[in-house]
Amino acid sequence: MTDLTPGTDAVRRHDPAVRGFASDNYAGVHPEVLAAIALANGGHQVAYGEDDYTAHLQDVFRSHFGEKAEAYPVFNGTGANVVALQALLPRWGAVIAAESAHINVDEGGAPEKMGGIKLLTVPTPDGKLTPELIDQQAWGFGDEHRAQPCAVSITQSTELGTLYTVEEIRAIAEHAHQHGMLVHVDGSRLANAAASLGAPLRAFTTDVGVDVLSFGGTKNGLLFGECVVVLNPEKVRNIKFLRKTSMQLASKMRFVSVQFEALLAGDLYLRNAGHANAMASRLEAAVRDIDGVTVVRPVQANAVFAILPREVSERLQKRYRFYFWNEHTGEVRWMCAFDTTEADIDAFAAAISEEMGRS
Ligand SMILES: Cc1ncc(COP(=O)(O)O)c(C=O)c1O
């Protein structure tokens, strides 16, 4: 079969004009990424990452993260985190992370169950660790009764829509390394951080001492796919074995790799992330002056967190999808994606205003 002309018995079952604010994962695939997948289709390529697209991807990642970088495409973000963290720890090791970290809250215990990893968590005001906060868990070195803190994991941009500065990450990496710990960045939204900081990706990873990262693609316009990126190959080894035993080795890897090429060979990663960030800023500006709505966290990436009367949120949820972040306080999270439009924001802000007016 050589003719791959599209034709399908499938039926469109959704309205592509409908967009919500629940998650950047609700968005579809960026057309340039879909085009890249089609480009990589047809013919046969060696499976399990020995294909031409994955080979070239190494150069693409090196152009962003430096000559030593090694890229290992995986299926999803939980998998990327579990693979990367396992590489940092011996069997008796533990990872220090913010209490709000995705690895702690939203991965169904996968780091513990699949990776056998002990998480040592610290409450933070804004989703960000600091050297002082790390010290709340960085103790007991050499004591066999305590899981040994061997790594620090931070998220950039954070689960709370906040951002580490370049200097904050440098300070964390220096502090971790002084204690003999390695540094992992959950970069599910690393592109949003690059866009917001106006800095190259390596400026707040490779250049400040990060050892390994989970680089996100799905939230930034890919069909699926994340990448474990090793920045310090002297210290972070054997990812290829851990990826397979962690069930993250894609046989048709060319289709994951070519998506990352589409994202990173040019500036698509920045266009998408910058747009999503700009939409979050637009939303914040639009709701800031609505009486009874309080934006409760700094808007530094593509998320807006707000508190408003619960009954208003519940009425709004009948019109737009979004989640309660904290059922107890009534805090809600509104996420923007690469395909959120200005008209979406304006209509949503008008709906918030209208529902507030009915209260
Ligand atoms: C901070 C963070 N890390 C990782 C992930 C990736 O998770 P998944 O396993 O759903 O791809 C997410 C997704 O929501 C996330 O927000």
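When reading the values below, keep in mind they use all heavy atoms of this one structure, side chains included, and skip hydrogens, waters and symmetry mates. Counting starts at 1 for both ligands and their atoms, following the listed order.
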Of all the non-hydrogen atoms in the protein, which one sits nearest to atom 14 (O) of ligand 1, and at what distance? Lys219 NZ, 2.6 Å
Please write out which residues are connected to Met247 in a hydrophobic cluster, directly or through intermediates, given that two of Ile, Leu, Val, Met, Phe, Trp, Tyr count as joined at side-chain heavy-atom separations below 4.5 angstrom. Val82, Met114
Residue, atom name and distance, where the atom is the protein heavy atom closest to atom 11 (O) of ligand 1: Gly77 N, 2.8 Å
Decide whether Phe215 and Leu163 are clustered together by the hydrophobic rule: side chain heavy atoms of Ile, Leu, Val, Met, Phe, Trp, Tyr closer than 4.5 Å, transitively. yes
Check each of Met335, Gln156, His102, Glu159 against atom 7 (O) of ligand 1 and report the one with the nearest heavy atom. His102
Treating Thr340 as the side-chain partner and Cys336 as the backbone partner, does any N or O pair qualify as donor plus acceptor under 3.5 Å? no
Does the N or O separation between Gly79 and ligand 1 drop below 3.5 Å for any pair? no
For atom 3 (N) of ligand 1, which candidate among Thr155, Asp186, Thr218 provides the closest heavy atom? Asp186
Side chain, backbone, both or neither: which applies to Glu226 and ligand 1 if a contact is any heavy-atom pair less than 4.0 Å apart? neither
If you look at every heavy atom in Val228 and Ala80, which pair is closest and at what distance? CG2-O, 3.6 Å
Could you tell me whether ligand 1 has any atom less than 4.0 Å away from a heavy atom of Arg189? yes
Starting from atom 10 (O) of ligand 1, which protein heavy atom do you reach first, and at what distance in Å? Thr78 OG1, 4.4 Å
Salt bridge flag under 4.0 Å for residues Asp207 and Arg170: no
Considering all heavy atoms, the nearest Ser157-Asn192 contact: OG-CB, 4.2 Å
